[in-house]
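Okay, so here's the structure we're looking at.
All chains are named by letter (A, B, ...) in the order of the sequence lines, taking the proteins before the strands, and each is independently numbered beginning at 1.
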Protein chains: 2
Amino acid sequence: MSTKRAKLEQREKRIVAAARTVFLKHGFNKAKMSQIADVAALAEGTLYLYYKNKNAIVKAVVVDHWRQITDEAQDALSKTKDSFAQLQALADYHLTMMVKHWRVIELGYVLYYSRSDDAGENAGVDFKRTYAALFDRIIERGQDKGHFTNELSLPFLRDLFYGTLEYAARTLVLHNKPEDIDTNVVQLMAVLRPHLSENAPTDTGDDKAMLKRLERAVRKLERLH
Amino acid sequence: MSTKRAKLEQREKRIVAAARTVFLKHGFNKAKMSQIADVAALAEGTLYLYYKNKNAIVKAVVVDHWRQITDEAQDALSKTKDSFAQLQALADYHLTMMVKHWRVIELGYVLYYSRSDDAGENAGVDFKRTYAALFDRIIERGQDKGHFTNELSLPFLRDLFYGTLEYAARTLVLHNKPEDIDTNVVQLMAVLRPHLSENAPTDTGDDKAMLKRLERAVRKLERLH
DNA sequence: TCATCATAATGAGTTTAACTCATATATACA
DNA sequence: TGTATATATGAGTTAAACTCATTATGATGA
C-alpha cells in the first residue's frame, strides 16, 4: 500500500529530475516532451498521467528547486543568532545560489507570463513564498528584539532585498563575474544598516525627525487598507 | 522612392501595433499569428516578410515600448537640474509606468528565457539599455558636480534602483495598490540619500520636496475614506 | 499609355510538437 | 489463480507556427 504510493512518488521525482536536466540543457521552448520522457525512461503519454501539461512540469521543476533552496538557506542562517548577521548570510546565500542556478531562475520567468494562459488553474505564482518568508522572519525577529527599527515597511524592504539581488545576479551572470558576489552583498548591507540598527544617529535636524515620524504614521495608515 | 520606404515602415508599425494589442489581450502563448494578421489587416504570410518569427514580433513590441518610455522619462527629468530630484523623478516615473504597463513588462520576460532558443540572432536582450543609461547619467552628473559620493559602485546602484522598483511594481500590481507608488518612491530615496549626498547638507530643500510627496500621499489616503 | 520587370502580398499547404485515447500491461486482492 | 483496478504505452489527432509557389502591385521607360 504505502510501497505503491512510494513508487508513484519515485516516478514523479524521476520525471521532475529528467525535466530539470532537459530544460536546463535546452531551455523551455527547445525542450521536447519526448526528450523528457526518454530521459525519465517513460513513454511520452505517461508524463501526462503525472502532469497536466508542459507548463505544469516546469512549474514542478521550479517549485522543487525553491523548496530545496529554502532548506539549505535555513541551514546557512542557523549559524548565527545576530539578526543583522543572518540578513547578511541570507543575502550571501541567495546571490550565490542565483548565480549558480541562473538557468533555473530564468525558467521561473516562464511561469510569470504564462500565468493567464490556461485560464485559472495555474494561477498563483507562489513558488518562493516560503523562501521569501525567511527574510520576513529575520526582520520581524530583529524588530522584536529591539535591534531593528521599523522605519521602512516590510514589503518595501523585501522588494529591495530580493529585487536588488536578482538584478545583481543577472549582471554578474551576464558579465561572468561570480567573484563580485561579495562586493554586492557588502554594498547591500551597507545600504540596509542605517535603516535597521536602532541606535543610528538620526541626524540632527528637527525636520528629519519629524519627517520620519510622518512617514511612520503614513505607513501605519496605509497598512490599514 | 521615399514614399515606398515610408509605406513599408508604416506597415511595420501597423504590425507592431496590432501585435501589441493582441499580446496584451491574450498573453504571448494564446496570441495567434493569425489574430495579429487579422488586426493588422494583412495575410499571415506577410508578417514573416517583416519579422522572422513570433519571437521577433514580441521583441519588436517590447523594444518599441522601451523606446517610447525612454523619451517620456527624459521629459520628466528635464523639469529639474538637481541630481537628487532627478533621481526621484525617475523613480516615480519608472514605478508609475511599470504599474501602468505591467503586461508589457511581463511580455519582456518571454525574451529573457527564450534567449537561447533560436541559436544566435536573438542574442543580447538589451531593450532597456538606453533606458537604464538615464540612471547612469544622473548619477555620473551628480558625482561630477560633487553632489554625489561614489561610495557605492554604479552597477550596484543601478541594480538596486531598477531591481527594487521592479519587485515593488510586481507587489503593487499583485495586490492592486497603485496608490502606494509614492510610499515606495519615498522609501527608496530615503535609502539612497545617505549614500549619495556628499555630507548631506541638503536638508531644507530635500525635506521640503519629501514633505510635498508625503502630503500628496496623505491626501490620496484621505480620499479613500 | 502600355509592356516589362522587380518587389511585395497572399493563403493553401507543410511541419512540428504538444496532447489524447484505445489498447495493453502490471498490480492488488479474493 | 482469476478478476478488477490502476498504470503505462505509443500511434494517432490537432493546433498553430512557418513556408513557398502563385498572384498582385507598382515603378520605370519606350
Touch class at under 4.0 angstrom, heavy-atom based, for B/L47 against every strand present
nothing
Distance flag, aromatic centroids of B/H65 and B/F127, threshold under 6.0 Å
no
Is the B/Y112 ring parallel, tilted or perpendicular to the A/Y109 ring (thresholds 30°, 60°)?
tilted
Winner on side-chain proximity to A/A43, out of D/dG10, D/dT7, C/dT10, is D/dG10
Across all chains, not counting sequence neighbours, the side chain to side chain donor-acceptor pair (under 3.5 Å) partners of B/T171 are A/D159
Could you tell me whether B/D64 and B/R67 have a side-chain N and a carboxylate O separated by less than 4.0 Å?
yes
Could you state the atom-to-atom distance from CD1 of A/I15 to C1' of D/dA8 in whole Å?
11 Å
Can you tell me the distance, in whole Å, between the CZ atom of A/R14 and the P atom of D/dT7?
15 Å
With a 4.0 Å cutoff (strictly under), does any side-chain N or O of A/R11 reach OP1 or OP2 of D/dA8?
yes
What does the B/S/- profile of nucleotides 16-21 of chain D look like, 5' to 3', with a 4.0 Å heavy-atom cutoff to protein?
SSBB--
Please give, in whole Å, the distance from C/dA18 P to A/I36 CD1?
8 Å
Using a strict threshold of under 4.0 Å (side-chain N to carboxylate O), is an ion pair present between B/R129 and B/D126?
yes
For C/dC19, take OP1 and OP2 only and decide whether either is under 4.0 Å from a side-chain N or O of A/Y51.
no
Please report, rounded to the nearest Å, how far the P atom of D/dA8 is from the CD atom of A/E12.
11 Å
CG of B/L42 versus P of C/dA8: gap in Å, rounded?
14 Å
Distance, rounded to the nearest Å, where A/L49 contributes CG and C/dA24 contributes P:
17 Å
Tell me yes or no: between the side chains of B/Y162 and B/H94, is some donor less than 3.5 Å from an acceptor?
no
